[in-house]
Structure formats: structure tokens, C-alpha cells
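Shown next, in C-alpha cells, is the structure this report addresses.
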2 protein chains.
Amino acid sequence: MEDLSSPGSPGERGSGRIGIGLALDSVHFKILGVLRGQGRISVAALAERVGISRANAYTRFEALRADGVITGFSARVDTSRIGLDICALVFVTVRQDLWKQFRATLATMPEVEYCAITTGQHDAMIQIRVQDVSAVHRLVTEQLASIPAVRATETVIILDEVLRRPYVLPTAPRSTEPTPAPAPGAAGTGQFGMTRFIPAAEGRADLQRAADPEE
Amino acid sequence: MEDLSSPGSPGERGSGRIGIGLALDSVHFKILGVLRGQGRISVAALAERVGISRANAYTRFEALRADGVITGFSARVDTSRIGLDICALVFVTVRQDLWKQFRATLATMPEVEYCAITTGQHDAMIQIRVQDVSAVHRLVTEQLASIPAVRATETVIILDEVLRRPYVLPTAPRSTEPTPAPAPGAAGTGQFGMTRFIPAAEGRADLQRAADPEE
DNA sequence: GTTGAAATTAGTACGAA
DNA sequence: TTCGTACTAATTTCAAC
């Protein structure tokens, strides 16, 4: 591994210098796009797919790795095939003085696939994957509840996973048009740090009876 | 690729026959565990890591692929390095008669990394990854809002991603102890299909003023 | 399920454009 | 920088045990 932290000469022809580190051009993104879908593809095949020579592909591949753009590779696993049929989201209210403990404890729980700190009503959202619904209940009431940092939780069960992309790549800059200023009042006012949007047509009614589950 | 859909003889010694298809034993899970962390590892190295012969590793590897347990491989990408610094969750209320359209439209939006249908207050949660906060606003108000199926949205910004595991594997069956029946009243009553848990000590107060963000 | 050898492919190191 | 080629090392396949 070489030290690639010193970036190339400024004024490169590549499109995107993003932050520090490697300046990524469209070929890099093509590579990432292929590797996102086929992580075990050979570099030779990769080179052909993106239309560059093998040597170039090796160079770029290694640069992406060394620079930390690519942090690793993972097998995608069909969770239902390994008995993890149930997925749930747990929204957690955390005691602000015990954050560190909360993170540390989460790291020891293998059922937790994802945890993010969010704005809004709750402090964190964690996604868990377990064998059955009773395991959700056990995990929340026994394990999560026993963490002193956890003040309250709210759990929802995931009924279906519509979309699960390995990783998102930047969209082609389609915003040639200048960003239109949002019409005042169209976007809801922030509440608890979350933004509400309700279409104008049925908006007013819904705003009034916000807790009404179904009409 | 061979047809491995016909399972082996019944009464196999393997620990876990889960659903239909391949009966997975502990070696399979070891393989998945390694491949989850190092998706590009060679099968030879994989064999050594899990303590089996090369040929055996090839056989099992191919079986896991053919049976659909492993659905593919992906590069893990440092999102900040490709300019996708902002991640947000959008909770969507969907018109129940337009689900199909909702799913189809989502699939065309490259910024959407994940979408799940949930119980609870909202119908779906989508996770988006974009370049800046203004892009979140644009995506929600312009793109999501223009979907007829979308009745309302609620957006929260992700401030930090504490944990992001490639994939969860089943935990070792630690529940040797019989699952204790939950004490009635300890777990909150369902509301909108979500389960609340609030520790006994500070629970009552919080229940009363549920909307109080900070004390 | 394991071991060992053959065939193929991958990775590296050059010079040339 | 990128490409093309030759060289070396590794991997995958296939056979027999």
C-alpha cells in the first residue's frame, strides 16, 4: 500500500474533487458502480466493464482502497434464508449524559444492524434483525431497557423491505435549473427538528387531526 | 451452476434447517461471517479461516450462492468520500390504494438507499443519501411530494451513524432459559401498532407529557 | 471430506505512446 | 497518465485417495 494521501496536481480535468484525498472522476464512479453490484468481480473483467486497460484498473482500484473510498467488501445475505425473518426499528430516547455508554453497549449486541443518531422526536434509531417477533420484544424489554442510557423506546415492525440498495452513488448533477426557493408555508414548519410535508389538497384536514390513523 | 434446490436427505446432522433449501450448519455460518467482513477473500484463504479444506470451501461457497443464501457481493463505500455527506430518514404516509405506484417510483430514485414498510404511525420509512441538506429538502418537496401515492412525509436528519453492519447473522442461541412472560403492564400498550417501553422509574412522568422534548 | 497436481486466471513490472 | 505486453504468483478446477 502506498501513501496516496497527497492529492494530484490542482486543476485536474476530473470532475469531482470531494473533500480531501483522491480526486474522483467519472471512471472512478463507474468502478464504484460496478463494484457495488459485483464486489467479487475480477479486476480484468472490471477493466473491460468500465472501458479501461487492466493496468489502469489495478491502479485505480488500489487507489480507491488505499484512499479509503472503498472500505471493504461484503457478501449480501438473504436474511430470511438464515432465519432472521423479523426486522424492526426501535426509536430510542437517550439520556444525553450517557451517550458513550449507549454506543458501547450497542456495539456488543449482534442483533443490531444499524444505529443512527437523528434529529426529531427521538434521539436514535436502531434497526434490529432477529428470528421472530418475540425476540424483538425480548431484546427491547430485556436488553435495551437494561441500558441505563435508554430512557424510552418505541418499536415498529418492518412488514416488508421494498428497497435495499448496497450503497448509493451520487446522482448525476441534474440540478441545472436553479434551486427554486420553497414557497413559504408550503413546507411545514419544523417541529422537534423534523420537517413535515403535506400536500396542499388534503393537507389542512390532516394537519388538524394529525393522529387520525385512517380515514 | 448446478441445481441445488433439492435439499439433502432428511434427518441431516446439521443444526439448522431453516425454511426450504440448504440446511445450514455451523461451518456455513462461519463462512458467512467471514464473507460478511471480507467479501473478496479467496476461497483458499476462506477455507483456512474456517478450518476446512479448499475443495470443501469451494463446494459450500458455491452451494450458498446457488441456493440464494448469498445473493451477491458489494463494495463498502465511505459515503462522505463520494460527496454524500447527508443522510436522512423520511417517514411517509401512503395512500393505501396506490402502493404499487409508490414502490415503482421509489425504485427510480437513486438517492433512496433503503425503504421499508412499517407498522406504527407511518406507512413507510425511506432512507436517502444526498450531497447536502438542501438536497434533502428538494427531494422531499419536489420528488416525493409529487408522487400521488404520498399523502404526507416527516423528515429527520441523521446526525451520526453509530453502527452500520454489513449484515447481521443469527446470534448463538443464548436463550437456554425459557422466555419469561412479560409482566403485564410493563411493556406499554400498543398504539398505532408501535410498542412503547418506558422504564418504571421515570416512566410515569414521561408518559404524561409525551411531547416534551427535553426537561 | 481431504489431499495433491494441472490448467487457468490474476497480479506485477516493465517500456512505449 | 494510460496502454500493452511479458513475467511471476496465485487461484480454481479436477483428479484420485
Side-chain angles (χ1 to χ4, degrees), chain A residues 1-18 20-67 69-70 72-75, chain B residues 1-4 6-17 22-67 69-70 72-75:
Chain A
M1 286 184 206
E2 273 176 69
D3 187 349
L4 295 180
S5 55
S6 56
S9 59
E12 239 160 322
R13 74 190 174 322
S15 57
R17 152 67 66 45
I18 295 164
I20 41 173
L22 209 60
L24 304 178
D25 58 26
S26 64
V27 177
H28 284 116
F29 283 112
K30 273 189 189 172
I31 292 175
L32 291 177
V34 173
L35 253 31
R36 174 183 59 166
Q38 302 173 230
R40 263 184 99 90
I41 195 175
S42 74
V43 181
L46 175 66
E48 199 179 13
R49 285 275 306 262
V50 303
I52 57 176
S53 70
R54 294 201 315 169
N56 194 359
Y58 275 107
T59 306
R60 286 168 177 273
F61 182 87
E62 188 48 38
L64 286 171
R65 268 180 159 283
D67 200 59
V69 178
I70 294 176
F73 294 87
S74 289
Chain B
M1 285 185 209
E2 270 175 71
D3 187 348
L4 295 180
S6 56
S9 57
E12 240 161 320
R13 74 188 176 326
S15 57
R17 151 68 64 48
L22 210 60
L24 303 177
D25 59 23
S26 65
V27 177
H28 285 116
F29 283 112
K30 274 188 189 174
I31 292 175
L32 291 176
V34 173
L35 252 31
R36 175 182 60 165
Q38 302 173 229
R40 265 185 97 90
I41 194 174
S42 73
V43 181
L46 174 66
E48 199 178 15
R49 285 275 306 263
V50 303
I52 57 176
S53 69
R54 269 89 53 89
N56 192 359
Y58 276 106
T59 305
R60 287 167 175 273
F61 182 87
E62 189 49 37
L64 286 171
R65 267 180 159 283
D67 200 59
V69 179
I70 295 176
F73 294 88
S74 290

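Note that the coordinates shown come from a computational prediction; the quantities given were computed from them, not determined experimentally. By convention in this document, chain letters (A, B, ...) are assigned in the order of the sequence lines, proteins followed by strands, and residues within each chain are numbered from 1.
- Looking only at distances, no side-chain donor or acceptor of A:D67 sits under 3.5 Å from a matching main-chain atom of A:V69.
- For the pair B:N56 CG and D:dC14 P, the computed distance is 17 Å after rounding to whole Å.
- Comparing atom distances between the B:Y58 side chain and each of D:dC3, D:dT11, C:dG1 picks out D:dT11 as nearest.
- The shortest side-chain heavy-atom distance between A:F73 and A:R65 falls under the 4.5 Å cut-off.
- Taking atom CZ of B:R60 as the reference point, atom C1' of C:dT2 lies 13 Å away to the nearest angstrom.
- Annotation: side chain of A:L24 is in contact with side chain of A:L64 (closest heavy-atom distance under 4.5 Å).
- Distance CZ (A:F61) to C1' (C:dA10): 12 Å, rounded to an integer number of Å.
- Here B:S53 lies in heavy-atom contact (under 4.0 Å) with a base.
- With the nearest nucleotide of DNA chain C identified for both A:A55 and A:A44, A:A44 has the one nearer the 5' end.
- In the set C:dG1, C:dA10, D:dT12, the nucleotide with an atom closest to the side chain of B:S42 is D:dT12.
- With distances taken from any side-chain atom of B:V43 to the nucleotides D:dC3, C:dG1, D:dT12, the minimum falls on D:dT12.
- If you take CZ of B:R40 and P of D:dA10, they are 17 Å apart, rounded to a whole angstrom.
- Judged by distance alone with a 3.5 Å cut-off, a donor-acceptor contact links the side chain of A:R54 to the base of C:dG11.
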